[in-house]
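Contents: one structure, followed by commentary.
Just so it is clear, the values below take in all heavy atoms, side chains as well, and ignore hydrogens, waters and symmetry mates.
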Amino acid sequence: MANKIIQSVKGTRDFYPEQMAVRTWLYNQMRASSEAFGYQEYDGPFLEPLALYAAKSGEELVKEQAFVFPDRGGDLITLRPELTPTLARMVARRQNQLAFPVRWWSFGPFWRYEKPQKGRAREFFQWNIDMIGVNSPEADAELAAVGANFLKRVGLSPSEVKILVNNRRLMDEQLDSIGVAPERRKAVFRLIDRRDKLSPSAWEEYAAEIGLSAAQVSGLREMLAAENLWEQSEELVRFFEAAEALEAREYLKYAPYIIRGLDYYTGTVFEARDAEGEFRAILGGGRYDNLVADVGGKPVAGVGFAMGDMVITLVLEKYGRLPALNPQPAKVLVAVFDADHLLDAYRLASEVRGFGFPTATYPEPAKLGKQFKYADKIGARVVLLLGPDEIAQNTVAVKNLSTREQTSVPRPQLRSVLAELVS
RNA sequence: GUGGCUGUAGCUCAAGUGGCAGAGCACCUGACUGUGGAUCAGGAUGUUGUGGGUUCAAGUCCCAUCAGCCACCCCA
């Protein structure tokens, strides 16, 4: 009765074994890329006091998109909408004992009270990776290289996905040069961000609305088309040189229109997108200057990025790069000949587990056809059967499900035969 | 939070202007009482997302609500 099943919470996902296998696979790829560059795994609580986000309480992320509720004692608890404040606290607490630069990564669930859409849910998983305590373009390049390493690792080519890079300081200078006052930068950044969302005429209207002259608009247009603008930024020149040495250059592209919404980015910013622009950003990050000041520590600079689990999965699906994952750990199923031989089957299963092969049993007597069908469906590769004939001859019937071949294997040889079939 | 599209069996979808709710795949049983994917023969399946309303009659029209999707917002 489908209508009687209680609905899951809006914007959450059930992870059936097939989906869980994908999530775990992603997690393993993230781990591999993080560890390849010497990053250590960490995590914080999923529940945090609302006060942790107080410094950002004016921002939409916390004010409107966080799950906040009172606990039984009346304190306001937040389901973490992001990891950065937690990271800031953890760094601040050990600021005097940590070996800087700190290189940490994490993968876990986050919650945001948003309207669910494709690639966006209310409960999602996110990879966070940061280098803290260093302020150099080469550090920025390393983070971009970790991202590129991941993209390469999961089989996405530079022609399919690109990490687009820009620099906030460069943009500030450029805006200065066309006479945009510092207090209007934010509005202009917004304008830049909407470049693709508005029609050219609507875009110009919006530009006029925020007070840009015709000359400034054309200057801005020129700026946004300047693919070599990065050559004017020493930071970006060094960034791209370092990326080259880190074998990430082919995935990187300078893009003057990349701004990133978050206010706390101060230098290099980057985001990965699929080449056809079909999806939202795959990952996003950049350099920030004042990580722990908000939670009471001395300011420390850092650079990092976050990657959600949903968009990358959509991109991998589109390009057919999700591997065929078999969520079934047991490659061996021991069938039950009949009720009298059920415990013989159980003993055999125990023996095979002792060999080191994950093994499932059929936990009740049933027609053999049903049991073989079950073995096939759950993804087992081999079925073992112990009937009266086998017991009399001290053998085991071993059936290879993919070749349909069945052999009678003497018990002493079972281990080596299975090793060949299953490993 | 704003606006729009959609919702029929486990899945993909049918059911002119309201008139008995269907097909393919999947599933179950058997042919095959020591063997899975093929074949054949049978079989089960829905309060048409939910709750109201209009009507002799609602999957179909109206209202509300929930969910998914799209745009905005924001962002992973």
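Tested against A:W104, the residues A:Y39, A:Y42, A:F37 include a single ring-ring contact (aromatic ring centres under 6.0 Å, His included) partner, A:Y42.
Using atom P as the reference point in both B:C27 and B:C72, the two lie 42 Å apart (nearest Å). Atom P of B:U55 sits at a distance of 46 Å from the matching atom of B:A26, rounded to the whole Å. Using atom P as the reference point in both B:C75 and B:C66, the two lie 26 Å apart (nearest Å). Between the C1' atoms of B:A9 and B:C28, the separation comes to 15 Å (whole Å). For the P atoms, the distance linking B:G24 with B:G59 amounts to 23 Å, nearest Å. Separating the C1' atom of B:A23 from that of B:A15 is a span of 10 Å, rounded to the nearest Å. Distance noted for atom C1' between B:G46 and B:C74: 40 Å (whole Å). Here the separation of B:G3 from B:A14, taken at their C1' atoms, is 31 Å to the nearest Å.
Atom CG of A:L368 is separated from atom C1' of B:G34 by 5 Å (rounded to the nearest Å). One can place CZ of A:R122 at 18 Å from P of B:A76, the figure rounded to the nearest angstrom. The CG atom of A:D389 sits 14 Å away from the C1' atom of B:U35 (whole-angstrom rounding). A:D130 places its CG atom 14 Å from the C1' atom of B:A76, with the value rounded to the nearest Å. The distance between atom CD1 of A:I282 and atom P of B:C75, rounded to the nearest whole Å, is 18 Å. The CG-P distance, from A:L314 to B:G68, rounds to 15 Å in whole Å. Computed from coordinates, the A:D14 CG to B:A67 P distance equals 15 Å when rounded to whole Å. Taking atom CZ of A:R381 as the reference point, atom C1' of B:G36 lies 16 Å away to the nearest angstrom.
Within 4.0 Å (heavy atoms only), A:F337 reaches at least one base atom of the nucleic acid. If you check every strand for non-hydrogen atoms under 4.0 Å, A:K118 touches sugar and phosphate atoms only. Residue-level contact check: A:E271 touches neither bases nor backbone, having no heavy atom under 4.0 Å from any strand. Among the atoms of the strands shown, none is found under 4.0 Å from any heavy atom of A:A380. Heavy atoms of A:R13 sit nowhere under 4.0 angstrom from any nucleic acid atom. Across all strands shown, A:A375 has no heavy atoms under 4.0 Å from either base or sugar-phosphate atoms. Nucleic acid contact class of A:I312 (heavy atoms, under 4.0 Å, all strands): none. Across all strands, A:D309 comes closer than 4.0 Å to no nucleic acid atom at all (heavy-atom distances). Note on A:G285: nothing from the nucleic acid sits closer than 4.0 angstrom, heavy atoms only.
Ion pair A:R112/A:E82 not flagged as a salt bridge, since none of the NZ, NE, NH1 or NH2 atoms sits closer than 4.0 Å to an Asp/Glu carboxylate oxygen. Salt-bridge check for A:E271 with A:R260: passed, with a basic side-chain N closer than 4.0 Å to an acidic carboxylate O. Between A:K152 and A:E247 there is no salt bridge, since no side-chain N of the basic residue sits under 4.0 Å from a carboxylate O of the acidic one. In summary, A:E123 and A:R13 do not engage in a salt bridge, as defined by a charged side-chain N under 4.0 Å from a carboxylate O. Ion pairing between A:E48 and A:R89 holds under the 4.0 Å rule for side-chain N and carboxylate O.
Across the strands present, B:C61 finds its partner in B:G53; the criterion is a Watson-Crick or G-U wobble pair with both atom distances under 3.5 angstrom. The nucleotide B:G34 finds no pairing partner, because no Watson-Crick or G-U wobble arrangement with both distances shorter than 3.5 Å includes it. The nucleotide B:A67 finds its pairing partner in B:U6, both defining distances of the Watson-Crick or G-U wobble pair being shorter than 3.5 Å. Across all strands shown, B:U48 remains unpaired; no Watson-Crick or G-U wobble contact has both distances below 3.5 Å. Across all strands shown, B:A21 remains unpaired; no Watson-Crick or G-U wobble contact has both distances below 3.5 Å. Using Watson-Crick or G-U wobble geometry with both donor-acceptor distances under 3.5 Å, B:G42 finds its partner in B:C28.
Look at A:F124 and the base of B:A76; the rings stack, centres closer than 5.5 Å and planes less than 30° apart.
If you check B:C28, B:G34, B:G36 against the side chain of A:K377, the one that comes closest is B:C28. Counting only heavy atoms from C-beta on, A:P116 has its side chain closest to B:G68 among B:C28, B:G68, B:C74. Minimum atom distance to the side chain of A:Q126 is reached by B:A76, of the listed B:C75, B:C28, B:A76. With distances taken from any side-chain atom of A:R194 to the nucleotides B:C70, B:C74, B:G36, the minimum falls on B:C74. When each of B:A67, B:U35, B:C72 is scored by its nearest atom to the side-chain atoms of A:K10, the top-ranked nucleotide is B:A67.
Taking only distance into account, the side chain of A:K370 never meets the base of B:G36 through a donor-acceptor pair shorter than 3.5 Å. With hydrogens and angles ignored, no donor-acceptor pair under 3.5 angstrom links the side chain of A:R260 to the base of B:C75. In terms of polar N and O atoms assigned as donor or acceptor, the side chain of A:Q406 comes within less than 3.5 Å of the base of B:U35 in a complementary pairing. Between the base of B:G1 and the side chain of A:Q65 there is no donor-acceptor pair shorter than 3.5 Å. Applying the 3.5 Å distance criterion, the base of B:A76 shares a donor-acceptor pair with the side chain of A:E114. The base of B:U2 lies close enough to the side chain of A:K115 for a donor and an acceptor atom to sit less than 3.5 Å apart.
For the pair A:K367 and B:U29, the criterion of a side-chain N or O lying under 4.0 Å from OP1 or OP2 is not met. Look at A:Q117 and you'll find a side-chain N or O under 4.0 angstrom from OP1 or OP2 of B:A71.
Ring centroids of A:Y113 and A:F67 are separated by less than 6.0 Å, placing the two rings close together.
Scanning all heavy atoms of the two residues, the minimum distance from A:L401 to A:A380 falls at CD1-O, 3.4 Å. Here the closest non-hydrogen pair linking A:P388 and A:F337 is CD-CE2, 3.4 Å.
Comparing A:D376 and A:R273 against RNA chain B, the residue whose closest nucleotide sits nearer the 5' end is A:D376.
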